Amino acid sequence: MKHNNFYKAIFILLTLSMAACKKDLLDTTSYGQVTSNTFYRNATDAVLASNALYSLLEDEMFFGHPEQAWDICSDDQWRSGDWGNEQALEELTFDPSNPQFGWSWSMRYEIISRANSVLLNVPNIDMDKALQDRIIGEAYFMRGFMYWQLYKYYGQVPVITEENVKSNTYNVPKGTMEEVEARIESDLKMAGDLLLATNDAENVGRATKGAAWGYLSKLYLYKQDFAKAIEYGNKVISGPYPLASNYGDNFEPATDNNPEMLFNVQQVAGGWTGDNNASWYYAPRHMPWDGWGFQEPTDDLVAEFEEGDPRLEYTVARDGDIIQGGSNGEPFQYNATEMSGKAGHYFKKYTKLKSDGTGMNHDLDIPLLRAADIYLVVAESKIRSGQSGDAEINAVRERAGLSPVSGADMHALIHERRVELAGENERHLDLIRWDKANIVDIVALYAQDRGQWKRPRSFSRPKHYYFPLPQREIDLSNGVLVQNPNYQ
Amino acid sequence: MKLRFMLKRFFALVVTVASFQAAMAQSSVTGKVTDQSTGAPLSNVSVTVKGSNRGTTTSSTGVYKLSLQSGDASLVFSSTGFAETEIAIGGKSTIDVSLAMSSTKLSEIVVVGYGSQSKKDVTGAVSSIKGEQIQNLPVSGATQALQGRVAGVNVVRNGGSPGNAGSIRIRGTGTINNADPLIVIDGIPSGDLNSVNPNDIASVEILKDASASAIYGTRAANGVVIVTTKRGNFEQPLKVTVNSYTGISKARKTLDVLDAKTLVTLKKERYLNDGIDMVEAWNDPYNLVQRTNWQDELFGNGLTNNTDVSLTGGSAKSSYMISAGSYNEKGIIKNSYFKRYSLRINSDHKISNRLKVGQSLQLTRGTDNSLNTLSSQDGLIWSAVRFMPFLPIKNDDGTWGSSQVSANEFGDINNPIYTVNSVDATNINTRLLANVNAEYKILEGLKFKANLGVDGSQGTNRNFAEIIRGQTRARANNSLSRSFGEGYSLLSEYFLSYNKIFGKHKIDAVAGYTAQTFNGDGFYASKRDFPNEDFSQRYLDAGQNFGGIGGNRSYDALQSGFARVNYDFAKRYLLTATFRADGSSKFDKSNRWGYFPAFSAAWRISNEKFFNVSFINDLKLTGGWGQLGNQNVASLQYLALIGGAGHYVFGDNQVVSSAQVRLPNYSISWETAEMTNIGLSAEMFNKSLQVNLNYFNKTTNDMLLAPPTIGTVGRLSIPDKNVGVLSNKGIEIDLSYNNKIGELSYRLGANASFIQNKVIKLFDGNFIGSTIYGRQSQEISRTYEGLPLGIFYGWKTNGLYQTQAEIDSDPNLKNDSRRTDGLVTPGDVRFLDINGDGKIDEGDRTNIGSPHAKMVYGFNTDFNYKSFDLSLFFLGSQGVKIFNADRMQGIDPTYPFNMYAETANRWTGPGTSNTIPRMSTKRNNLNYRTSDMFIEDGSFLRLKNISLGYTFNEGFTKKLGIGRTRFYVSGQNVLTFTKYKGLDPELGYIDGNKQLNVDYAQYPQARTWTLGLNVSL
């Protein structure tokens, strides 16, 4: 009897514990995630990997704001937000610890890492050649584009490519200026060869040949290689990238994917991409926008517009303007003193209200590169290499309904770029480029007192041609990464 | 009475075996053992012949019979909870004894993992806390109740929100990874200490050194906390106990901030000093009127209610304990709460003479809402400190007061009262912890035991985010997110235990197998755009647009073999050897198994013949060494994982994406902690004084560290590598004294620990950063080789510049372009040029303080006088620094916020202030960068609990038909002595163990007054 009890007990215990007594108890599975060995099987995986090249763009701490904020250094924008780091940025008193320099840094390299992964793996997939080319082209484009962003703001930066991934070496010194430029050039050329000229509706917003050529022509302009800037710029101008018939179409949710828009950050309201963060930052801190009012056009910028230039109305909201989308969808009058920050204006390019009066329309995409910019790049390259840039300048002016100019010089070009691209993050970089070429005196320009909301700043040449690398990266590199000159 | 039936059985067996050895029985003695206070018979009392290992235990009716040999002089009666009593035999054949409740500790039996030991025989470092010490405290869980009770055990809480448990640190922070100890509840490792109703706890044992905890192998590196819950006794009549209390809590203090008038003056002064035109808002007379003290509005009265009922009893074959409890805490911040319902059923059954079966079951359901009180962007207290005092809670038109009324001058903060009223979030956690165990006696001294357990939990939460219009931090779309997750862990253990005594040799051995699996499964879904925000419509079906959906599953497992041998020679020399082999699924096949040995020895000097110190009753010297493992890091780090990489949209085409989310480390394996322990314990002066001293030296080798993610890697997660070395050394002192003066009996207890934490090695000699603070992304804590974990890292200062001449001649600024550009002005902070290059920049940052306390201590005192009992419990921390980050932002005038009241004493001219810089909107000198200006002495002594009770005369209560009845009033966090200026000096960890003692204006701990009643029926 007693032994029966014993066996019974043992039997029950063993049965109960069967679940925990699997033979391979310690073997685990990566549920819902795959390992790199089992990814990149087919076209589906390749498309998923290509989508990952874009998904970070809309992040609040990338093109949602910091990557859009560099131009508060210029004379176009006033830093109207309440962040001390942006005050230091605007006043050119920043230190390498200023968070602005670190926010986008790892975002850019993450996209570079994703691009490297595509470039290492997608060529080995047996799949439709046209799709494969497009995806490889997108990877080249996004990598080149990210190095372009790094190059513009920091100059020399570490260049991470497939080779670094293979050898697992990431703590590397900065590349030389030539190496960084060569990387951008080669990546964008590959992208220009492999990408499609235009995308179908399902893929609108993916990079195109036009986007690659556009950034290439800008790179050549920055390098003062005017012939190549013209060559690649003309590929855009002669490509399927006509200027929108109406300037404002570029900044309206319904038409912001028109052919002129070479590259932008795609947004859909109510979708899973979330809000357009840039809209929050640009919009006034007041009903009905409820935005945060971080970047406002200066009076100086407003004054730059010619009498009757319709671009002013699409770019800047001024006191007394009628705004669509008030409560119940009624138009209302913009009261600068009450509604805006201190400068009194706000950038309309980045903020649209919904027609039913329920606040901001988050369908608006964030423009990054327009064909109009490339027209002016070609014009500038022509003027600076002794040719006439009238045709390209006038294409832009005529679209705005303004009278053509003839024999345009750099003065006219500078004016045209400033008003056409106002608020689109070009001005500060343009001024630096022109200062280096002795076309403008940025020190004198920034030293001017433009009133309460744009005080004189002291631009230090050549220190401020580039921003400092993030202090955290310097600290972590154990001496491998050397801070930019004059910030050490 | 806390008879731990199983364990006592185990102990009793040892003596039973001994009696078999007594081959030469010459006579015998019988008798009955009773409880002195109640007269009830006591079962399972150990009866041994003094100076031998021979003995027996009393039956269920308290009767014993023992054979005697010639020369046996006296009997020793011992039982848990009762004083050990020695009676001379003197030729008597019947000896009846009534045992008094114990006032000494050494006679206790302690649970040591897969068994128990008499405290006398313990060779490792084990601390024991009795259930009654931690009962009826107005705290939500046992974790908090352990704070300050024994040396070497520290509990820190990062905020006092209802239900916030805090973290237990045993002998320092042993690793930069998860340093929480292993929690074993009724034999099941993995339980959540806070899911146990503290009133159900019979005892808590804390295994501190390697020898004691090695039996738990790979999970023991951070110590082990063993919780044993109350059980019934066989042959015990039904006893019903009711505990009930109600408490009211209030905020201890609020931070002094500027009133409206002074604030406006200071805001204006900024513009005047900077030569900037005045902003219109500051000339508006409306803003000169003080309308709201936001902290007073946010903090209210908290309310805590607890009621629990327990039934214990047993027949000859079965015993039981059933309890049910309800704990309901409303926090001092409106809308914050924690509720717990708990049910427990424990029972034991004698199936036959050889087979015993027992079970424990615990079911708890906890509900809370997680208010945001930690963010330095929009946390509630953070917001209340900073929101403009001239703004109303509500405007005359009924809308909420808003900082939006002046574009960017009043800060991007939402009205905190609006925020707290609009919170609609709930977390519900249901947890089941159950086990069945069986013990089969194969032979005398040899037992087979099995333990099968399950720890299952279901968590669900909901969060509805309203549309916010008219506030600065607006929200365009409303959304509801729901999530559901379950986890369950299955445990199976089989082991053999063997006890044998050969003359002066006693062996007590255990060996077995254990396996435990951990499964997690969950999903979430969210929808946006609910056309109607009515509470009845806040369900996923009502949302118009898809927000997101996701789910995941996880699996981990541990498998182990273990063995332990205790050897006792003549009750003088004790040896323990432990070995455990553990396999963890967290590592790749080739690195899966770890082997962890430990040894310890004790010398009971007082049992030596030569020892003849009359006032020392017991003296024991112990020493031990051992290795322990830690595998508490993320799973699957040996795989290169590709996972979801975010969403995007092409036109209207919404897409998902994939990218590598982690780099692999194929060779990842165990962290090993190596620990040496030396201890001395003594009982003196008729056992009235107990002293326990311990020294330990613990080194964690192969500490798993993720190398700092340099930006060029992107945002991949970097796998941990076995590269770090961390050292913790310390001394622990426990003292306890009890005595009587007439009818006043009292006990004084004190404990203190002195622990030094030091990082010996990190990845490539580099540092590890931590969470950055606030708008300016300020770095506060870093971990460096040669320094403790998470030191404060920043600039050193030396007051303010009073005059321009001081600036011009300051060697700190000799080569600084800021000086020549006129960007440093009188009233700015004088930073120190640490690297001697004549300018102030990032090269001048250095270690500016450690957040680790030099000493953590506690005092426990109990007084009993007639029907009154009084207990006081003090907790203290000495030699500790706090980084007051909230003050760093709170006195910084460059922010568009209200400021600390002390800014009224700002610098306005030479000699006016040497601590509060001038008012300015400029950040040219970065006066408010991370510096020693914001480091404060965080030492404190806190009267954590005081409790005064009155027990009614039994004659009186019996007339009422009830048993023992006690009323008490108790206070929690009653008094705090500290120089610290922030809300609460008790702060905890943020970001794992990488940041400690940084004040974010966390939810402060409340002062609570409680009225309670305990009744037995």
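Keep in mind that the numbers below use all heavy atoms, side chains included, and drop hydrogens, waters and symmetry copies. Please read all numbers here as calculations on a predicted model, not as lab measurements.
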In terms of heavy-atom proximity below 4.5 Å to chain A, should B:Glu280 be classed as side chain, backbone, both, or neither?
-> neither

So, the part of A:Val265 with a heavy atom under 4.5 Å from chain B: the answer is both

Part of A:Arg455 within contact of chain B (heavy atom distance under 4.5 Å) = side chain

With a 4.5 angstrom heavy-atom cut-off, which part of A:Tyr54 approaches chain B: side chain, backbone, both or neither?
-> both

So which of B:Arg845, B:Arg475, B:Gln471, B:Glu779 has the biggest tally of heavy-atom pairs under 4.5 Å with chain A?
-> B:Arg845

What part of A:Arg206 is in contact with chain B, defined as an atom under 4.5 angstrom from a non-hydrogen atom: side chain, backbone, both or neither?
-> both

Is it the side chain or the backbone of A:Leu476 that comes within 4.5 Å of chain B heavy atoms, both, or neither?
-> both

Give the C-alpha distance, both sets of side-chain angles, the deciding distance and a yes or no for salt bridge (Lys or Arg N to Asp or Glu O under 4.0 Å) between A:Asp82 and A:Arg285.
-> CA-CA 11 Å; A:Asp82 44 18; A:Arg285 195 175 280 206; 3.0 Å; yes

Would A:Tyr346 and A:Trp289 count as a close aromatic pair, with their ring centres under 6.0 Å?
-> yes

At a heavy-atom separation under 4.5 Å, does A:Asn257 approach chain B through its side chain, its backbone, both, or neither?
-> side chain

With under 30° as parallel and over 60° as perpendicular, where do the rings of A:Tyr281 and A:Phe294 fit, or are they tilted in between?
-> perpendicular

Considering non-hydrogen atoms only, spot the tightest contact between B:Gly644 and B:Val661 and give its length.
-> O-CG1, 4.1 Å

What part of B:Thr921 gets closer than 4.5 Å to chain A, counting heavy atoms only: side chain, backbone, both or neither?
-> both

Under 6.0 Å between the ring centres of B:Phe448 and B:Tyr440?
-> no

Pick one of side chain, backbone, both or neither for A:Leu57, based on which atoms fall under 4.5 Å of a heavy atom in chain B.
-> side chain

Region of B:Arg553 that comes under 4.5 Å of a non-hydrogen atom in chain A = both

Chain B heavy atoms under 4.5 Å from A:Thr29: which part of the residue, side chain, backbone, both or neither?
-> backbone

Grab the two heavy atoms, one from A:Ser55 and one from B:His647, that are nearest each other, plus how far apart they are.
-> CB-O, 3.5 Å

Answer yes if the ring centres of B:Tyr928 and B:Tyr895 are under 6.0 angstrom apart, and no otherwise.
-> no

Would you indicate whether B:Asp277, at its atom CG, is surrounded by more than 12 heavy atoms from other residues, nucleotides or ligands within a distance under 6.0 Å?
-> yes

Quick one: what part of A:Thr35 sits under 4.5 Å from any heavy atom of chain B, side chain, backbone, both or neither?
-> both

Between A:Pro288 and chain B, which part of the residue has a heavy atom less than 4.5 Å away: side chain, backbone, both or neither?
-> both

Pick from B:Gln660, B:Lys589, B:Gln544 with the largest number of heavy-atom pairs that fall under 4.5 Å of chain A | B:Lys589

When heavy-atom pairs shorter than 4.5 Å are enumerated against chain A, which of B:Ser817, B:Ala476, B:Ser526, B:Gly843 gives the highest number?
-> B:Ala476

Out of curiosity, A:Glu86 CD to B:Arg775 CZ, how far, rounded to the nearest 0.5 Å?
-> 11.5 Å

Determine the interplanar angle of the A:Trp83 and A:Trp103 rings, folded into 0 to 90°, and report it as parallel if under 30°, tilted if 30 to 60°, perpendicular if over 60°.
-> tilted

Between B:Ile710 and chain A, which part of the residue has a heavy atom less than 4.5 Å away: side chain, backbone, both or neither?
-> both

Interchain contact, B:Asn552 with chain A, by part (heavy-atom threshold 4.5 Å) = neither

Chain B contact via A:Ala201 - side chain, backbone, both or neither, heavy atoms under 4.5 Å | backbone

If one checks every heavy atom of A:Gln488 against chain B at 4.5 Å, the contacting part turns out to be backbone

Checking heavy atoms, do the side chain of A:Glu202, its backbone, both or neither come under 4.5 Å from chain B?
-> both

Does the separation of the ring centres of A:Tyr109 and A:Trp105 fall below 6.0 angstrom?
-> yes

So what's closer than 4.5 Å to chain B heavy atoms on A:Asp475: side chain, backbone, both or neither?
-> both

